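Presented below is the structure to which this report refers.
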Amino acid sequence: MDQQQQQGPDASAARRMATLASHLRPHPASHPQVEDVPLLRGSNCRAKGAAPGFKVAILGAAGGIGQPLSLLMKMNPLVSVLHLYDVVNTPGVTADISHMNTGAVVRGFLGQPQLENALTGMDLVIIPAGVPRKPGMTRDDLFNINAGIVHTLCEGIAKCCPNAIVNVISNPVNSTVPIAAEVFKKSGTYDPKRLLGVTTLDVVRANTFVGEVLGLDPREVNVPVIGGHAGITILPLLSQVNPSCSFTSEEVKYLTSRIQNGGTEVVEAKAGAGSATLSMAYAAAKFADACLRGLRGDGGIVECSYVASQVTELPFFASKVQLGRGGIEEILPLGPLNEFERAGLEKAKKELGESIQKGVSFIIK
């Protein structure tokens, strides 16, 4: 009997070591992917006993936005399980991020055959997948490639986690959000309250640039940004800045132009080495956190987002929305606009309408 008792701890330790060994050296017959590692299966998964939280998937996790975004979401205490999906390089990113001693359990998924497993059971899906913008490239140049990617990923979401909140980052957002909506409509799973285009980077830039002009900490500044997420469709409402302030007409023109062209500023500064990846990851993580707090039931969460909307005659529009357990709880009115903003809105709507139609036509052609 004493001998059996002695063998118990030894056997348990041997099992633990075997599990670790299989984690570090996956079976050579299988593709080197984290999903197949026994450590992350069923009863062996630490997530089974982890603190309550939400399951989040990042589609395009190995890309320029995806990697820092994965890092930031691993740090979020509201995330209990983090699924990282991409068509290349996911095992390395997953192994790297999984070593962070935060609560979220990380699983990696590589390639189209594993997309469904990556999505099953998710509460929030974030889509930064796609090719980045390069010098001389417009957002429209990205359209055909990124439109196809978003189409495929949203088909997977419709099948595997139709009730998830979906955050679309893939450019051009003005067109990819309508594409996602059409895919969900085709599958019968469309809920406009759960589909949100991430325009937070425009707000982040606006807060930063306005803070610089006013000599304020940008964390203390809140600038509503409406319209869309490209060029003149980005319309900062400088008349509604909090804390309340006033600008000269020259300051308004300078700030509006810089906010609208912030992406181009980064593309040119990187000189062919990429687009806004780090600031975009920060903005996406900030918005995802707001969505998770809404899912948790926190009150008073208001963010700008590009969503199905009736605040204008267009079917999609970015404006302030209140987030809650079901995604969008309320789309808030635009508020009073000054003459400069009204003129900017008309220009934005014209271009935005064309971008929306381009996205819809991609699916129903």
Side-chain angles (χ1 to χ4, degrees), residues 55-60 85 112 115-130 139-140 142-199 226-230 233 284 287-288 291 294-295 303-319 321-331 349 351-365:
K55 296 180 179 180
V56 178
I58 299 176
L59 309 183
Y85 170 86
Q112 182 69 28
L115 177 60
E116 292 186 9
N117 288 342
L119 290 169
T120 299
M122 294 296 104
D123 300 302
L124 173 67
V125 179
I126 311 172
I127 311 179
R139 285 182 173 86
D140 279 347
L142 306 178
F143 179 78
N144 285 328
I145 298 173
N146 288 356
I149 292 170
V150 170
H151 184 185
T152 299
L153 297 177
C154 288
E155 286 180 329
I157 293 168
K159 182 177 180 181
C160 301
C161 53
N163 295 319
I165 306 293
V166 179
N167 290 176
V168 179
I169 299 170
S170 305
N171 270 321
V173 167
N174 293 352
S175 300
T176 54
V177 171
I179 286 171
E182 291 302 319
V183 172
F184 295 146
K185 286 176 187 176
K186 275 191 168 185
S187 68
T189 64
Y190 180 50
D191 181 352
K193 294 180 179 180
R194 295 177 180 272
L195 175 61
L196 302 102
V198 181
T199 62
I226 65 169
H229 183 57
T233 70
F287 186 72
C291 290
L295 283 172
E303 297 285 340
C304 291
S305 181
Y306 181 66
V307 299
S309 173
Q310 295 181 335
V311 298
T312 70
E313 66 274 20
L314 296 172
F316 294 90
F317 197 80
S319 62
V321 302
Q322 184 163 315
L323 301 170
R325 291 189 187 275
I328 301 166
E329 285 192 342
E330 183 182 2
I331 298 175
K349 286 195 295 188
E351 183 168 316
L352 196 51
E354 294 171 357
S355 298
I356 293 168
Q357 187 54 49
K358 189 171 185 178
V360 172
S361 298
F362 181 81
I363 299 298
I364 61 174
K365 58 189 175 184

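Since this is a predicted model, take the numbers as computed values, not measurements.
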When rounded to the nearest 0.5 angstrom, what is the spacing between [atom1] in [X] and [atom2] in [Y]?
X	Y	atom1	atom2	value
E182	S187	CD	OG	11.0 Å
T152	L115	OG1	CG	8.5 Å
L295	R325	CG	CZ	8.5 Å
R194	I328	CZ	CD1	10.5 Å
L352	H229	CG	NE2	12.5 Å
I179	L153	CD1	CG	11.5 Å

Looking at every non-hydrogen atom in both residues, tell me the closest pair between [X] and [Y] and how far apart they are.
X	Y	result
Y85	A118	CB-CB, 4.0 Å
A230	E351	O-OE2, 4.2 Å
T199	C304	OG1-O, 3.6 Å
F362	G148	CZ-N, 3.7 Å
L323	C291	CD1-N, 4.0 Å
I356	P315	CG2-CG, 3.7 Å

Beyond-backbone contact of [X] with [Y], side-chain heavy atoms, under 4.5 angstrom:
X	Y	result
I363	H151	yes
S309	L314	no
L59	L119	yes
V198	V173	no

K358, NZ atom: more than 12 neighbouring heavy atoms under 6.0 Å:
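Count over threshold, so yes.
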Show the numbers, then the answer: is there a side chain to side chain contact (heavy atoms under 4.5 Å, CB included) between L195 and Y190?
CA-CA 8 Å; L195 175 61; Y190 180 50; 4.0 Å; yes
Taking [X] for its side chain and [Y] for its backbone only, find out whether a donor-acceptor pair lies under 3.5 Å.
X	Y	answer
S305	V307	no
S175	S355	yes
S170	A129	yes

Residues two or more places apart in sequence or in another chain: which of them pass side chain to side chain contact (heavy atoms under 4.5 Å, CB included) with N146?
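Side chain to side chain contact (heavy atoms under 4.5 Å, CB included) check on N146 returns V131, L142, I149.
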Set of side chain to side chain contact (heavy atoms under 4.5 Å, CB included) partners for A284, sequence neighbours left out:
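L69, I169, M280.
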Check ion pair K349-E313 (N to O, under 4.0 angstrom):
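Yes, K349 and E313 are salt-bridged.
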Suppose we screen for side-chain hydrogen bond (donor to acceptor under 3.5 Å, both in side chains). Which residues come up paired with T233, at least two apart in sequence or across chains?
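Listed in chain order: N174.
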